Amino acid sequence: MKFADLHLHTFFSDGTFSPEELAGHGARLGFAAMALTDHDSVEGCARMTVACDAAGIEFVPGTELTAEIDDTELHLLGYFLDTHNEKLLTEISKFQIVRQNRIHEMVAAINKLGVPLTAETVFALANCKSPGRPHVARALVKAGLVANLDEAFERFLKKGRPAWVPKAKMSALEGMELIHQAGGLAVMAHPGLNRTDEIIPALVDAGMDGIECFHTKHSTATSERYLQIAEKYNLLVTGGSDCHGFSKNKPLIGTVKLPYEYVEKMKAKISHRWAQMKHRFQK
Ligand code: AMP
Ligand code: FE
Ligand code: FE
Ligand code: ZN
């Protein structure tokens, strides 16, 4: 059997692995295909393409966007993206700037509580254009200001805690359009984490291509539930570990093994769409 992991992060967002390390783990675990889905970034895709090529792994360029519909947050995965698409890069870079500003806001809120963290320490540790809460948490641990990541999130960073700053979100419809115009497939990430199934019909109407049925934090029952929803709405089925490298526990890569037949279905849909576009262009 061939397997894939279609949800992975590197240090180009809040993961800790380099693309080369990630591809190395994929090779060790025998994956036939891997996707990179860094938050608001496709920057790691170039190195991941080379690393996967060398390891004989099929690479799917992707990203993970934060979106909302009807005031409900969701994460949108984009797959088979043209990572040079200008509109995609322009929009992503806007969200990266918002993320950088958000670091300053979170640090200011933490300082207000008398905890002397500096934004510079966070940026130095993050060393990427797409920093987030995990970088603030790691900087707090590194500076000895909290004992561990859990404490950082519990005291400061979790929703409702004093240094929680909401993230800028694009509308889900805009997010899917952005993914589509970059040649990609738009997929709802880890629906079982958010438990907001009521938004699914509207997303399907707006052209959503798939749903992430298999995820580290989905129980077997949860995966089954979303497989049924996928069937009902004729959605592609995806899955991945959502590995962030070494964070609280050992790396999650290997915990989800998506049968490769689902990747074939994704590729069939992409080829069909591209053929339609070509046909329309020629008319
Ligand atoms: P952000 O995109 O900046 O809002 O950060 C979200 C990321 O923080 C998620 O992708 C997780 O990797 C991580 N995260 C969220 N909640 C926790 C938590 N309680 N403990 C550790 N990491 C968390
Ligand atoms: Fe993350
Ligand atoms: Fe996510
Ligand atoms: Zn993720």
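Counting starts at 1 for both ligands and their atoms, in listed order. Small disclaimer: the values here were computed from a predicted structure and weren't measured.
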Protein residue, atom and distance nearest to [atom], heavy-atom basis:
atom	result
atom 9 (C) of ligand 1	D14 OD2, 4.1 Å
atom 15 (C) of ligand 1	F153 CE2, 3.6 Å
atom 2 (O) of ligand 1	K167 NZ, 2.6 Å
atom 20 (N) of ligand 1	K248 NZ, 3.1 Å
atom 6 (C) of ligand 1	R133 NH2, 3.6 Å

Problem set entry | the Zn ion (ligand 4) - name of the N/O/S atom of D242 that sits closest to it |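 D242's closest N, O or S atom to the Zn ion (ligand 4) is named OD1.
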Exercise. Relative to the Zn ion (ligand 4), which of the N, O or S atoms in E64 is the closest?
Worked result: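 Result: OE1.
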Please confirm whether [X] approaches ligand 1 to less than 4.0 Å, judged on its heavy atoms.
X	value
H244	yes
R99	yes
R102	yes

Exercise. For H7 and E64, does a side-chain donor sit closer than 3.5 Å to a side-chain acceptor?
Worked result: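 Yes - a donor-acceptor pair under 3.5 Å links their side chains.
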Exercise. Are any of the N/O atoms in D150 less than 3.5 Å from those in ligand 1?
Worked result: no
For this session: Ignoring angles and geometry beyond distance, decide whether K158 reaches within less than 3.5 Å of ligand 1 through its nitrogen or oxygen atoms.
Result: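 No, no N or O pair falls under 3.5 Å.
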Exercise. Would you say D14 has an N, O or S atom lying under 2.8 Å from the Fe ion (ligand 2)?
Worked result: yes
Using a strict cut-off of 4.0 Å, indicate which atoms of ligand 1 neighbour a heavy atom of [X].
X	answer
P134	5 (O), 7 (C), 8 (O), 13 (C)
G132	3 (O)
H39	10 (O)

Problem set entry | Side-chain ion pair, E91 and K94, N-O less than 4.0 Å |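 Salt bridge between E91 and K94, a charged N being under 4.0 Å from a carboxylate O: yes.
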Exercise. Would you call D209-K269 a salt bridge at under 4.0 Å N-O?
Worked result: yes
Problem set entry | N/O/S atom of H9 inside 2.8 Å of the Zn ion (ligand 4), strictly under | yes
For this session: State whether H244 contributes an N/O/S atom found under 2.8 Å from the Zn ion (ligand 4).
Result: no
For this session: Would you mind telling me which of M106, R99, E105 makes a side-chain contact (heavy atoms from CB on, under 4.5 Å) with I103?
Result: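 So the option named by the test is M106.
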For this session: Look at the aromatic rings of H9 and H39 and report parallel, tilted or perpendicular, splitting at 30° and 60°.
Result: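 Aromatic pair H9/H39 classed parallel.
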Exercise. For the residue pair F246 and F17, is the inter-centroid distance of their aromatic rings smaller than 6.0 Å?
Worked result: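 Here the rings of F17 and F246 have centres that are less than 6.0 Å from each other.
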Are there more than 12 heavy atoms of other residues, nucleotides or ligands under 6.0 Å from atom [atom1] of [X]?
X	atom1	result
H84	NE2	no
E86	CD	no
D205	CG	yes

For this session: Determine whether L76 and V42 fall in the same hydrophobic cluster, where Ile, Leu, Val, Met, Phe, Trp and Tyr are linked whenever their side-chain heavy atoms lie under 4.5 Å apart.
Result: yes
Exercise. Shortest non-hydrogen contact from G44 to L36?
Worked result: C-CD2, 3.5 Å
Exercise. At their closest point, which heavy atom of G207 faces which heavy atom of H180, and how far apart are they?
Worked result: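 It is O-CE1, 3.2 Å.
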Exercise. How many degrees, to 10°, between H244 NE2 and H39 NE2 as seen from the Fe ion (ligand 2)?
Worked result: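 The two atoms subtend 120° at the Fe ion (ligand 2).
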